[in-house]
Amino acid sequence: MAALSLPFYENHDTLTLAQRLLGCELVHDSPAGRTAGIIVETEGYLTGDPACHAYRRATKRNAAMFGPAGTLYVYQIYNHYHCINVVTGPEGVGEAVLIRALQPTDGLALMEARRNEAFTTGFERYRNNTIDASTPEGFRNLCNGPGKLVIAMGISRADHNFSSLVSGPVSIQEPVLTDFEMITTTRIGIKFGADLPYRYYIKGNRFVSKK
DNA sequence: ACACAGATTGAG
DNA sequence: TCAATCTGTGTC
């Protein structure tokens, strides 16, 4: 197993990368252990695209998007959850691919512990929730959404925004899944650019986020 | 964004 | 009839 190289990120445009990342494995080697999952759902965000964080100008929040291809952009959403993006395009151009869902492959117990920890430290009304990764439902709910996967993978804005996917603790490995059909459709949870078909996912995969 | 409740679908 | 799926609502 080998990590995707820098040229892979540099030599493809954003929408091509959004498609090519499907089937690749996202890996985080953290002090607590290793977690990994196959990328099954992505969305592309382009310059000139009103849904893109970098649509207007560079700010403190979106600064990582303007970095070199192959770096990680972590942003907070709804003052609570976080989402991760793979930065694409040349340095100075603010484009990225949002990772929306993973099929967990490694470190299931650690993922489960992190999700359940998030429940106990999260909103009051969720404190009695638990996920049991040994059941089909628990397994499926581990990483089937952008906020969930960030928790399960132990990724944070403080530690991983600007992190290099080529040399940092979070990496993306070459495809482990290649025999699948891809669905192209519109993106989720956005107000502007809602008609643009920049969302991609693996057809029939149970770990894709629900609409 | 996530999670929940209630409605809807559909397999057997 | 029961489980899986879909829709709508609430929360920060």
Side-chain angles (χ1 to χ4, degrees), chain A residues 18 21-22 26 28 35 37-45 49-55 59-62 64-65 72-87 94 96-104 107-108 110-161 163 170 180-181 183-196 198-211:
Chain A
L21 288 175
L22 292 178
L26 182 71
H28 182 199
T35 49
I38 301 166
I39 297 168
V40 299
E41 178 182 358
T42 61
E43 288 178 0
Y45 287 88
D49 164 10
C52 181
H53 285 182
Y55 179 54
T59 65
K60 192 175 178 182
R61 176 177 81 143
N62 67 22
M65 283 188 92
L72 214 48
Y73 167 45
V74 186
Y75 69 89
Q76 191 175 25
I77 189 163
Y78 298 129
N79 291 322
H80 186 76
Y81 298 100
H82 290 82
C83 296
I84 52 169
N85 296 65
V86 176
V87 175
V97 174
L98 172 66
I99 310 292
R100 281 195 54 90
L102 302 176
Q103 174 177 336
L108 280 285
L110 181 53
M111 288 187 180
E112 176 187 301
R114 283 170 172 155
R115 290 294 317 281
N116 289 334
E117 168 70 13
F119 280 128
T120 63
T121 59
F123 301 137
E124 187 79 29
R125 65 191 170 287
Y126 296 148
R127 282 192 183 163
N128 292 325
N129 288 14
T130 52
I131 286 182
D132 181 356
S134 68
T135 69
E137 260 309 288
F139 185 30
R140 194 172 70 89
N141 283 325
L142 234 28
C143 294
N144 62 340
K148 294 177 181 181
L149 95 241
V150 166
I151 294 169
M153 292 292 286
I155 294 172
S156 70
R157 188 171 121 96
D159 292 338
H160 303 100
N161 197 27
S163 176
V170 179
F180 59 82
E181 279 185 68
I183 301 289
T184 302
T185 181
T186 53
R187 297 171 294 184
I188 291 178
I190 56 171
K191 195 170 166 185
F192 301 105
D195 55 328
L196 297 169
Y198 296 165
R199 174 172 175 243
Y200 311 95
Y201 65 88
I202 292 177
K203 182 179 180 181
N205 189 286
R206 286 184 56 78
F207 300 89
V208 171
S209 71
K210 293 304 159 194
K211 198 166 182 179

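Reminder, nothing fancy here: chain letters follow the sequence lines and each chain counts from 1. Computation of the quantities below employed the complete heavy-atom set of this structure, encompassing side-chain atoms and omitting hydrogens, waters and symmetry-equivalent molecules.
When the ring-ring contact (aromatic ring centres under 6.0 Å, His included) test is applied to A:F207, the partners found at least two apart in sequence or on another chain are A:F139. A:Y75 meets the ring-ring contact (aromatic ring centres under 6.0 Å, His included) test with A:H53, A:Y73; sequence neighbours excluded.
A salt bridge links A:R140 to A:E137: at least one charged side-chain nitrogen sits closer than 4.0 Å to a carboxylate oxygen.
Contact check, A:R100 against B:dA1: a side-chain N or O comes under 4.0 Å of OP1 or OP2.
Per the geometry, CG belonging to A:N144 stands 8 Å off P belonging to B:dC2, to the nearest Å. Between A:E137 atom CD and C:dA4 atom P there is a gap of 7 Å when expressed in whole angstrom units. With rounding to whole Å, A:N79 atom CG is found 11 Å from C:dC12 atom P. What separates CZ of A:F123 from P of B:dA1 is a distance of 14 Å, to the nearest Å.
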Report, one pair per line, the protein and nucleotides 3-10 of chain B atoms (nitrogen or oxygen only) whose separation is under 3.5 Å.
{"residue": "B:dA3", "atom": "OP1", "partner": "A:R115", "partner atom": "NH2", "Å": "2.9"}
{"residue": "B:dA3", "atom": "O4'", "partner": "A:Y126", "partner atom": "OH", "Å": "3.2"}
{"residue": "B:dA3", "atom": "O3'", "partner": "A:N129", "partner atom": "ND2", "Å": "3.3"}
{"residue": "B:dC4", "atom": "OP1", "partner": "A:N129", "partner atom": "OD1", "Å": "3.1"}
{"residue": "B:dC4", "atom": "OP1", "partner": "A:N129", "partner atom": "ND2", "Å": "2.8"}

*Stepwise, does the side-chain contact (heavy atoms from CB on, under 4.5 Å) test hold for A:R187 with A:L98?*
CA-CA 10 Å; A:R187 297 171 294 184; A:L98 172 66; over 6 Å; no

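Between A:R206 and A:P136 there is no side-chain heavy-atom pair separated by less than 4.5 Å.
Here the side chain of A:R127 pairs a donor or acceptor atom with the backbone of A:T120 at under 3.5 angstrom.
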